[in-house]
There are 2 protein chains.
Amino acid sequence: MTRTHEKVGYLPESKPSAADRVEQALKFLEGRWKLVILFRLFGGKVLRFSELEKAIPAVSQKMLIQQLRQMEADGIVRRIVHHQVPPKVEYCLTDWGQALCPALDALLKWAEAREHPAT
Amino acid sequence: MTRTHEKVGYLPESKPSAADRVEQALKFLEGRWKLVILFRLFGGKVLRFSELEKAIPAVSQKMLIQQLRQMEADGIVRRIVHHQVPPKVEYCLTDWGQALCPALDALLKWAEAREHPAT
DNA sequence: CGGAATCCCTTAGGATACTG
DNA sequence: CAGTATCCTAAGGGATTCCG
(Lines give C-alpha, C1' and ligand atoms only; values in the text may rest on other atoms or scores of the structure.)
Protein backbone atom coordinates (compact mmCIF):
# COMPACT_ATOMS: atom_id res chain seq x y z
CA MET A 1 0.00 0.00 0.00
CA THR A 2 2.26 2.76 -1.16
CA ARG A 3 0.55 4.84 -3.77
CA THR A 4 -1.78 3.09 -6.14
CA HIS A 5 -3.75 1.59 -3.34
CA GLU A 6 -4.97 5.00 -2.23
CA LYS A 7 -7.01 4.25 0.88
CA VAL A 8 -9.90 2.33 -0.57
CA GLY A 9 -11.94 2.44 2.59
CA TYR A 10 -13.52 5.85 2.46
CA LEU A 11 -17.00 4.45 2.19
CA PRO A 12 -18.71 3.62 5.48
CA GLU A 13 -20.06 0.36 4.12
CA SER A 14 -16.68 -0.83 2.88
CA LYS A 15 -16.00 -2.96 5.92
CA PRO A 16 -12.56 -4.53 5.93
CA SER A 17 -12.35 -8.04 4.56
CA ALA A 18 -10.87 -10.89 6.52
CA ALA A 19 -7.72 -10.51 4.49
CA ASP A 20 -7.51 -6.85 5.43
CA ARG A 21 -7.99 -7.54 9.08
CA VAL A 22 -5.38 -10.27 9.17
CA GLU A 23 -3.09 -7.91 7.37
CA GLN A 24 -3.64 -5.32 10.04
CA ALA A 25 -2.91 -7.89 12.71
CA LEU A 26 0.31 -8.84 10.97
CA LYS A 27 1.39 -5.25 10.72
CA PHE A 28 1.76 -5.23 14.47
CA LEU A 29 4.37 -7.94 14.15
CA GLU A 30 6.21 -6.61 11.15
CA GLY A 31 9.66 -5.34 11.84
CA ARG A 32 12.87 -7.24 11.93
CA TRP A 33 13.08 -7.42 15.72
CA LYS A 34 9.57 -7.35 17.09
CA LEU A 35 9.27 -11.07 17.51
CA VAL A 36 12.68 -11.45 19.05
CA ILE A 37 11.83 -8.77 21.56
CA LEU A 38 8.41 -10.22 22.15
CA PHE A 39 9.81 -13.60 23.03
CA ARG A 40 12.22 -12.02 25.47
CA LEU A 41 9.32 -10.39 27.20
CA PHE A 42 6.83 -13.23 27.19
CA GLY A 43 5.97 -14.59 30.59
CA GLY A 44 5.61 -11.27 32.31
CA LYS A 45 9.30 -10.50 32.25
CA VAL A 46 10.36 -6.92 32.86
CA LEU A 47 13.63 -5.91 31.26
CA ARG A 48 15.42 -2.64 31.05
CA PHE A 49 16.75 -1.28 27.83
CA SER A 50 20.34 -2.29 28.40
CA GLU A 51 19.26 -5.81 29.29
CA LEU A 52 17.39 -6.13 26.02
CA GLU A 53 20.44 -4.88 24.22
CA LYS A 54 22.58 -7.51 25.82
CA ALA A 55 19.98 -10.19 25.24
CA ILE A 56 19.80 -9.39 21.54
CA PRO A 57 23.34 -8.53 20.51
CA ALA A 58 22.55 -8.40 16.81
CA VAL A 59 20.15 -5.50 17.10
CA SER A 60 21.28 -1.92 16.85
CA GLN A 61 20.21 0.68 19.37
CA LYS A 62 18.24 2.49 16.79
CA MET A 63 16.24 -0.52 15.79
CA LEU A 64 15.71 -1.70 19.33
CA ILE A 65 14.25 1.62 20.32
CA GLN A 66 12.25 1.99 17.17
CA GLN A 67 10.65 -1.41 17.47
CA LEU A 68 9.99 -0.97 21.16
CA ARG A 69 8.36 2.38 20.61
CA GLN A 70 6.20 1.07 17.83
CA MET A 71 5.02 -1.78 19.97
CA GLU A 72 4.40 0.65 22.76
CA ALA A 73 2.31 2.83 20.49
CA ASP A 74 0.46 -0.28 19.35
CA GLY A 75 -0.31 -1.22 22.91
CA ILE A 76 1.73 -4.40 22.89
CA VAL A 77 4.52 -3.22 25.14
CA ARG A 78 4.50 -1.10 28.26
CA ARG A 79 7.28 1.35 28.90
CA ILE A 80 8.20 2.22 32.45
CA VAL A 81 10.43 5.21 33.01
CA HIS A 82 12.16 5.61 36.33
CA HIS A 83 13.19 9.20 36.68
CA GLN A 84 16.65 8.93 38.12
CA VAL A 85 19.99 10.48 37.44
CA PRO A 86 21.31 7.55 35.46
CA PRO A 87 18.18 7.00 33.38
CA LYS A 88 16.42 3.70 33.81
CA VAL A 89 13.68 2.49 31.51
CA GLU A 90 12.01 -0.87 31.68
CA TYR A 91 9.85 -2.70 29.25
CA CYS A 92 7.26 -5.40 29.63
CA LEU A 93 4.27 -6.71 27.75
CA THR A 94 0.75 -5.45 28.17
CA ASP A 95 -1.99 -8.00 28.71
CA TRP A 96 -2.83 -7.76 25.07
CA GLY A 97 0.79 -8.32 24.18
CA GLN A 98 0.83 -11.44 26.32
CA ALA A 99 -2.30 -12.60 24.59
CA LEU A 100 -0.33 -12.96 21.40
CA CYS A 101 1.19 -16.19 22.61
CA PRO A 102 -1.54 -18.61 21.51
CA ALA A 103 -1.81 -17.03 18.11
CA LEU A 104 1.92 -17.36 17.54
CA ASP A 105 1.67 -20.92 18.71
CA ALA A 106 -0.96 -21.66 16.10
CA LEU A 107 1.35 -20.24 13.48
CA LEU A 108 4.18 -22.36 14.79
CA LYS A 109 2.12 -25.51 14.64
CA TRP A 110 1.10 -24.70 11.11
CA ALA A 111 4.69 -24.21 10.03
CA GLU A 112 5.69 -27.47 11.65
CA ALA A 113 2.94 -29.33 9.83
CA ARG A 114 4.67 -28.71 6.55
CA GLU A 115 6.17 -31.66 4.74
CA HIS A 116 9.31 -29.83 3.78
CA PRO A 117 9.55 -29.80 -0.02
CA ALA A 118 13.18 -28.76 -0.17
CA THR A 119 14.03 -27.77 3.39
CA MET B 1 18.39 -9.93 7.73
CA THR B 2 20.30 -8.23 4.99
CA ARG B 3 23.95 -8.19 5.73
CA THR B 4 24.99 -7.81 9.30
CA HIS B 5 23.00 -10.79 10.38
CA GLU B 6 25.28 -13.11 8.48
CA LYS B 7 23.63 -16.49 8.85
CA VAL B 8 24.08 -17.14 12.51
CA GLY B 9 23.00 -20.72 12.36
CA TYR B 10 26.02 -22.48 11.02
CA LEU B 11 26.48 -24.48 14.15
CA PRO B 12 24.54 -27.75 14.32
CA GLU B 13 23.57 -27.18 17.93
CA SER B 14 22.23 -23.67 17.30
CA LYS B 15 18.63 -24.77 17.03
CA PRO B 16 16.26 -21.99 16.02
CA SER B 17 14.54 -20.20 18.85
CA ALA B 18 10.79 -19.86 19.04
CA ALA B 19 11.17 -16.33 17.75
CA ASP B 20 13.13 -17.58 14.77
CA ARG B 21 10.58 -20.22 13.96
CA VAL B 22 7.66 -17.85 14.18
CA GLU B 23 9.61 -15.50 11.98
CA GLN B 24 10.05 -18.23 9.44
CA ALA B 25 6.34 -18.94 9.55
CA LEU B 26 5.57 -15.28 9.00
CA LYS B 27 7.87 -15.12 6.04
CA PHE B 28 5.49 -17.38 4.20
CA LEU B 29 2.84 -14.73 4.58
CA GLU B 30 4.94 -11.69 3.85
CA GLY B 31 4.19 -10.00 0.60
CA ARG B 32 1.66 -7.34 -0.12
CA TRP B 33 -0.85 -9.71 -1.76
CA LYS B 34 -0.37 -13.13 -0.28
CA LEU B 35 -3.18 -12.83 2.21
CA VAL B 36 -5.58 -11.36 -0.26
CA ILE B 37 -4.89 -14.23 -2.62
CA LEU B 38 -5.05 -16.73 0.19
CA PHE B 39 -8.48 -15.61 1.21
CA ARG B 40 -9.70 -15.86 -2.36
CA LEU B 41 -8.57 -19.44 -2.42
CA PHE B 42 -9.69 -20.58 1.01
CA GLY B 43 -12.42 -23.14 0.98
CA GLY B 44 -10.97 -25.30 -1.74
CA LYS B 45 -11.68 -22.81 -4.47
CA VAL B 46 -9.89 -23.25 -7.78
CA LEU B 47 -9.37 -20.06 -9.75
CA ARG B 48 -7.56 -19.36 -12.94
CA PHE B 49 -5.11 -16.54 -13.29
CA SER B 50 -7.47 -14.17 -15.03
CA GLU B 51 -10.12 -14.78 -12.40
CA LEU B 52 -7.70 -13.84 -9.67
CA GLU B 53 -6.79 -10.74 -11.60
CA LYS B 54 -10.41 -9.71 -11.80
CA ALA B 55 -11.05 -10.58 -8.20
CA ILE B 56 -8.14 -8.42 -7.05
CA PRO B 57 -8.16 -5.40 -9.35
CA ALA B 58 -5.54 -3.50 -7.39
CA VAL B 59 -2.80 -6.02 -7.99
CA SER B 60 -0.51 -5.84 -10.99
CA GLN B 61 0.17 -8.88 -13.13
CA LYS B 62 3.74 -8.90 -12.03
CA MET B 63 2.92 -8.98 -8.37
CA LEU B 64 0.12 -11.47 -8.74
CA ILE B 65 2.38 -13.91 -10.50
CA GLN B 66 5.26 -13.29 -8.20
CA GLN B 67 3.25 -13.89 -5.07
CA LEU B 68 1.56 -16.94 -6.55
CA ARG B 69 4.87 -18.42 -7.56
CA GLN B 70 6.38 -17.82 -4.18
CA MET B 71 3.49 -19.48 -2.47
CA GLU B 72 3.74 -22.32 -4.91
CA ALA B 73 7.41 -22.73 -4.12
CA ASP B 74 6.54 -22.62 -0.44
CA GLY B 75 3.99 -25.36 -0.87
CA ILE B 76 1.02 -23.22 0.04
CA VAL B 77 -0.51 -22.99 -3.40
CA ARG B 78 -0.87 -25.58 -6.13
CA ARG B 79 -0.50 -24.54 -9.75
CA ILE B 80 -2.37 -26.48 -12.40
CA VAL B 81 -1.36 -25.90 -16.00
CA HIS B 82 -3.71 -27.00 -18.75
CA HIS B 83 -1.74 -27.29 -21.93
CA GLN B 84 -4.04 -25.71 -24.46
CA VAL B 85 -3.73 -23.21 -27.25
CA PRO B 86 -5.07 -20.33 -25.21
CA PRO B 87 -3.10 -21.03 -22.06
CA LYS B 88 -5.07 -21.88 -18.97
CA VAL B 89 -3.57 -22.02 -15.52
CA GLU B 90 -5.47 -22.59 -12.33
CA TYR B 91 -4.52 -22.08 -8.73
CA CYS B 92 -5.76 -23.61 -5.53
CA LEU B 93 -4.47 -24.18 -2.03
CA THR B 94 -2.56 -27.23 -0.91
CA ASP B 95 -3.73 -28.98 2.21
CA TRP B 96 -1.07 -27.19 4.12
CA GLY B 97 -2.23 -23.90 2.69
CA GLN B 98 -5.75 -24.64 3.81
CA ALA B 99 -4.42 -25.46 7.24
CA LEU B 100 -3.44 -21.84 7.67
CA CYS B 101 -7.02 -20.88 8.38
CA PRO B 102 -7.12 -21.57 12.12
CA ALA B 103 -3.82 -19.83 12.69
CA LEU B 104 -5.03 -16.72 10.91
CA ASP B 105 -8.19 -16.91 12.94
CA ALA B 106 -6.19 -16.89 16.14
CA LEU B 107 -4.42 -13.79 14.92
CA LEU B 108 -7.73 -12.18 14.07
CA LYS B 109 -9.15 -12.89 17.48
CA TRP B 110 -6.06 -11.43 19.08
CA ALA B 111 -6.35 -8.25 17.05
CA GLU B 112 -10.00 -7.93 17.93
CA ALA B 113 -9.25 -8.28 21.61
CA ARG B 114 -7.43 -5.00 21.57
CA GLU B 115 -8.96 -2.10 23.43
CA HIS B 116 -8.22 0.36 20.68
CA PRO B 117 -6.05 3.08 22.16
CA ALA B 118 -6.54 5.50 19.30
CA THR B 119 -8.25 3.42 16.65
C1' DC C 1 22.01 5.14 30.45
C1' DG C 2 18.76 5.63 27.05
C1' DG C 3 17.96 7.77 23.39
C1' DA C 4 17.65 11.15 18.91
C1' DA C 5 19.59 12.43 14.47
C1' DT C 6 21.98 11.63 10.24
C1' DC C 7 23.65 9.03 6.30
C1' DC C 8 23.52 5.26 3.29
C1' DC C 9 22.26 0.95 0.97
C1' DT C 10 19.14 -2.89 0.00
C1' DT C 11 14.85 -4.41 -1.02
C1' DA C 12 9.73 -4.79 -2.01
C1' DG C 13 6.85 -3.60 -4.99
C1' DG C 14 4.58 -0.39 -8.68
C1' DA C 15 4.25 0.99 -13.97
C1' DT C 16 4.90 -0.25 -18.34
C1' DA C 17 6.02 -2.85 -22.46
C1' DC C 18 6.86 -7.15 -24.80
C1' DT C 19 6.09 -12.50 -25.88
C1' DG C 20 4.59 -17.67 -26.83
C1' DC D 1 -4.29 -15.83 -21.67
C1' DA D 2 -0.52 -16.00 -18.81
C1' DG D 3 3.47 -14.74 -18.37
C1' DT D 4 8.63 -12.18 -18.81
C1' DA D 5 11.59 -8.21 -18.68
C1' DT D 6 12.99 -3.53 -17.48
C1' DC D 7 12.92 0.57 -14.93
C1' DC D 8 12.11 3.32 -10.84
C1' DT D 9 10.57 4.82 -6.25
C1' DA D 10 9.73 4.38 -1.40
C1' DA D 11 10.38 2.34 2.75
C1' DG D 12 13.04 -0.68 5.98
C1' DG D 13 16.84 -1.06 8.36
C1' DG D 14 22.20 -0.84 9.42
C1' DA D 15 26.31 2.20 11.01
C1' DT D 16 27.66 6.02 13.19
C1' DT D 17 27.56 10.22 15.81
C1' DC D 18 25.62 13.43 19.17
C1' DC D 19 22.62 14.72 23.51
C1' DG D 20 20.30 15.19 28.65
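Chain letters run A, B, ... following the sequence lines, proteins first, then strands; residues in each count from 1. Everything quoted here is computed from the prediction, not taken from an experiment.
Summarising the geometry of A:L93 relative to A:R78, their closest heavy-atom pair is O-NH2, 4.1 Å, with the distance given to 0.1 Å. Contact detail for B:P57 and B:A55: the closest heavy-atom pair is CD-O, 3.3 Å. Closest heavy-atom contact between A:V85 and A:P87: O-CD, 3.0 Å. Listed here is the closest heavy atom pair of A:L107 and B:A25: O-CB, 4.0 Å. Summarising the geometry of B:C92 relative to B:K45, their closest heavy-atom pair is CB-O, 3.4 Å, with the distance given to 0.1 Å.
For B:E30 and D:dG12, the CD to P distance is 12 Å, given to the nearest whole Å. In this structure, A:L52 places its CG atom 12 Å from C1' of C:dG2, rounding to the nearest Å. In this entry the distance linking CD1 of B:I56 with P of C:dG14 reads 12 Å, nearest Å. Summarising the geometry, the separation between CZ on B:R48 and P on D:dC1 is reported as 8 Å, rounded to the nearest angstrom.
Ring pair B:W110/A:F28 is perpendicular by interplanar angle, where above 60° counts as perpendicular and below 30° as parallel.
The cluster map of Ile, Leu, Val, Met, Phe, Trp and Tyr, joined by side-chain heavy atoms under 4.5 Å apart, puts B:V46 and B:V81 in different clusters.
Taking a cutoff of 4.0 Å between a charged side-chain nitrogen and a carboxylate oxygen, A:E90 and A:R79 do not qualify as a salt bridge. Of the charged side-chain nitrogens involved, none lies within less than 4.0 Å of a carboxylate oxygen, so that B:E51 and B:R40 do not count as a salt-bridged pair.
Within residues 79-86 of chain B, the residues having any heavy atom under 4.0 Å from DNA chain D are, by residue number, B:R79. Of the residues in residues 61-69 of chain A, A:K62, A:M63, A:Q67 come within less than 4.0 Å of DNA chain D through at least one heavy atom, sorted by number. Shown for residues 34-46 of chain A: no residue has heavy atoms falling under 4.0 angstrom of DNA chain C.
Applying the 4.0 Å criterion to OP1 and OP2 of D:dA2, one finds that B:S50 has a side-chain N or O inside that range. Dashed line: the shortest gap from a side-chain N or O of A:R32 to OP1 or OP2 of D:dG12 is not under 4.0 Å.
The number of heavy-atom neighbours closer than 6.0 Å to NZ of A:K27, taken from other residues, nucleotides and ligands shown, is 12 or below.
Remark: of the listed residues A:V36, A:L41, A:L35, A:L35 is the sole one forming a side-chain contact (heavy atoms from CB on, under 4.5 Å) with A:L38.
Set against C:dG20, C:dG3, D:dG3, the side chain of B:P87 has C:dG20 as its closest nucleotide.
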